[in-house]
There are 2 protein chains.
Amino acid sequence: MPRPARVSADRILDAAALEFSERGFAGARVDRIARRARVNKAMLYYHFSSKQGLYRVLLRRTFTLAAERIRAIAASPASPADKIDKIIAGFAAFIRERDFFPAIMLREVAEGGSRLDRETLLTLVAVPAAVAQIVQEGVARGTFRPINPLFAHLTMIAPIVFYLAAGSFLGEVGALLTHLQPLAADDFVHHMQDVMRRALAHDASPRQTS
Amino acid sequence: MPRPARVSADRILDAAALEFSERGFAGARVDRIARRARVNKAMLYYHFSSKQGLYRVLLRRTFTLAAERIRAIAASPASPADKIDKIIAGFAAFIRERDFFPAIMLREVAEGGSRLDRETLLTLVAVPAAVAQIVQEGVARGTFRPINPLFAHLTMIAPIVFYLAAGSFLGEVGALLTHLQPLAADDFVHHMQDVMRRALAHDASPRQTS
DNA sequence: GTCTATACTTCGATAGAC
DNA sequence: GTCTATCGAAGTATAGAC
């Protein structure tokens, strides 16, 4: 029984994810991707139109999966507060299943998304849209204070991406700074859930003056 | 009176900041940097040892200035809460004086700081160290709740970098999502100050159960 | 300090056999 | 579907005159 036909294409995508996340699009080398996938360059070009094309397929696939997962949470029957909790945990979990994701996302943000085609871009916008909808629902119900939904989205997503992108590097920094045990990712997720609960709660923190 | 000698070197650094922020180290082109600085390539190599060398000088200069500004705030006589406020505002102001900064920082994080030399890395670590010290002081005084200082640092810095890196791109996303007026950077700074005040405040947000 | 011309290398992509 | 060999463009860096 022969191996399934798409095996090598999948291996190429996996290798590309690694290479692009480590070096960025411009720094990635097609030769290295091929070698890592244990195919030769011609094979790569047989499956994918170009370096750009390979990159686009990878991003589209990944961002679509991420958006789906977030949308599923947003569509579930739960309180806005619970949904925010779950989105934070779900997003972190999604990343930890694919550690190539945060570095690529960071670089895309750095580039203003200029390398994303329109379709992928629209898919990706579904994530902040879902978060915004939840926030607005919470505000409408009176369980959240009034807050700019896009601000809320950035506040919860950015630290997670940073934290998980930094990975071992952050561990070194942390070792220089704290005497705490190695920073566990789960702890950070809980921290961010806590932060967002407080950020969205109807006023509880006392103002000093007036 | 002849022009000062370092004029062209400074122009090269300015051009390099732009080019590196738009394209990353690997995507940056020495020819383009030279053209943007209105010098020729040979001139660039007369002032700087290599593309790498130019990049390092740029980063060292920028990160040193950033660390100095944060340290000055940390050393000032103010309450921990005020210092956090000022660091958020000061960091955002620093970035807005150099819009090349966030994209470069994002890419460095994506790469795990592998392109920074040891000296620059140590300089940069001074920033989270300063924040951590303030947080710990607040915790010791009992004005902040116990919190991992490195978590606190990430929570406040990452969204600012994201927000200011995304710039116009975020504007488009925002236009698709909200009917609010264009997101002003000042509003976002206030938002993050608010978030951190709440995140650090001694418990005010009510827990649902138990 | 400044410029032109060019050496040398790397890299994306393809041709063409099997 | 898979491989070897190679082309041609682009890119970093330098030589050497002024």
Side-chain angles (χ1 to χ4, degrees), chain A residues 1-60 100 103-104 107-108 110-111 114-117, chain B residues 1-60 103-104 107-108 111 114-117:
Chain A
M1 235 194 292
R3 289 281 170 70
R6 296 205 74 262
V7 153
S8 69
D10 282 344
R11 277 215 316 274
I12 291 169
L13 276 170
D14 289 346
L18 265 185
E19 175 77 5
F20 285 131
S21 80
E22 285 172 11
R23 320 240 183 189
F25 179 80
R29 296 294 165 248
V30 173
D31 291 87
R32 245 191 320 249
I33 294 173
R35 189 162 39 75
R36 284 179 150 179
R38 300 190 312 276
V39 302
N40 58 59
K41 241 196 310 190
M43 199 63 243
L44 189 151
Y45 282 101
Y46 173 79
H47 284 296
F48 302 93
S49 59
S50 64
K51 186 184 177 185
Q52 267 278 355
L54 173 57
Y55 188 70
R56 290 230 164 98
V57 170
L58 174 67
L59 286 205
R60 188 171 317 185
F100 66 88
I104 288 180
R107 282 190 244 253
E108 279 308 315
E111 238 147 273
S114 60
R115 222 180 293 276
L116 280 61
D117 53 273
Chain B
M1 235 194 290
R3 288 281 170 68
R6 296 205 75 261
V7 153
S8 68
D10 282 343
R11 278 214 315 274
I12 292 169
L13 276 171
D14 288 346
L18 265 184
E19 176 76 4
F20 285 132
S21 80
E22 286 173 9
R23 321 239 181 189
F25 179 80
R29 294 296 165 247
V30 174
D31 290 88
R32 248 193 316 252
I33 294 174
R35 190 162 39 73
R36 284 179 150 179
R38 300 190 310 278
V39 302
N40 58 58
K41 242 193 312 189
M43 198 66 241
L44 188 152
Y45 282 102
Y46 172 79
H47 285 296
F48 301 93
S49 59
S50 63
K51 186 184 176 182
Q52 268 278 356
L54 172 56
Y55 187 70
R56 291 231 165 98
V57 170
L58 174 66
L59 286 205
R60 187 172 317 187
I104 288 180
R107 282 189 243 253
E108 279 309 315
E111 238 146 276
S114 60
R115 222 180 294 277
L116 280 62
D117 53 273

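Keep in mind that this is a model prediction, so the values were computed, not measured.
Between the C1' atom of D/dT12 and the NE2 atom of B/His47 lies a distance of 18 Å, rounded to the nearest Å. One atom, NZ of A/Lys41, and another, C1' of D/dA5, lie 10 Å apart when rounded to the nearest Å. Atom CG of B/Leu44 and atom P of D/dT12 are 10 Å apart (whole Å). Computed from coordinates, the B/Arg23 CZ to D/dG11 P distance equals 10 Å when rounded to whole Å. Protein atom OH of B/Tyr46 is 15 Å distant from nucleotide atom P of D/dA15, rounded to whole Å. Note: CG (B/Asp31) to P (D/dA10) measures 12 Å, nearest angstrom. Rounded to whole Å, atom C1' of C/dG1 lies 12 Å from atom CZ of B/Arg11. Rounded to whole Å, the distance from CZ on A/Arg32 to C1' on C/dT10 is 11 Å.
Checking the phosphate oxygens (OP1, OP2) of D/dT2, a side-chain nitrogen or oxygen of A/Ser8 falls inside 4.0 Å. Residue A/Tyr45 has no polar side-chain atom (N or O) positioned under 4.0 Å from OP1 or OP2 of C/dT14. Distances shown here put every side-chain N or O of B/Asn40 at or beyond 4.0 Å from the OP1 or OP2 atom of C/dT2. A/Arg29 has a side-chain polar atom (N or O) that falls below the 4.0 Å cut-off from OP1 or OP2 of C/dG12.
In this structure the side chain of A/Val39 never reaches within 4.5 angstrom of the side chain of A/His47, judged on heavy atoms. Side-chain contact between B/Leu18 and B/Glu22 is present, with at least one heavy-atom pair separated by less than 4.5 Å.
DNA chain C is contacted by both B/Ala42 and A/Ser50; B/Ala42 maps to the nucleotide lying nearer its 5′ end (nearest heavy atom per residue).
Residue A/Ala26 is out of contact with every strand shown, counting any heavy-atom pair closer than 4.0 Å. In this structure, A/Ala28 reaches the sugar-phosphate backbone alone: every heavy-atom distance under 4.0 Å involves primed, P, OP1 or OP2 atoms, never a base.
For the pair B/Glu19 (side chain) and B/Val30 (backbone), a donor-acceptor distance under 3.5 Å is absent. A donor-acceptor pair under 3.5 Å links the side-chain atoms of B/Arg56 to the main chain of B/Arg115, judged by distance alone.
Note: A/Phe20 and A/Phe25 have parallel aromatic rings, judged against thresholds of 30 and 60 degrees for the angle between ring planes.
Nearest nucleotide to the B/Met43 side chain, out of C/dT2, D/dA13, C/dT14: C/dT2.
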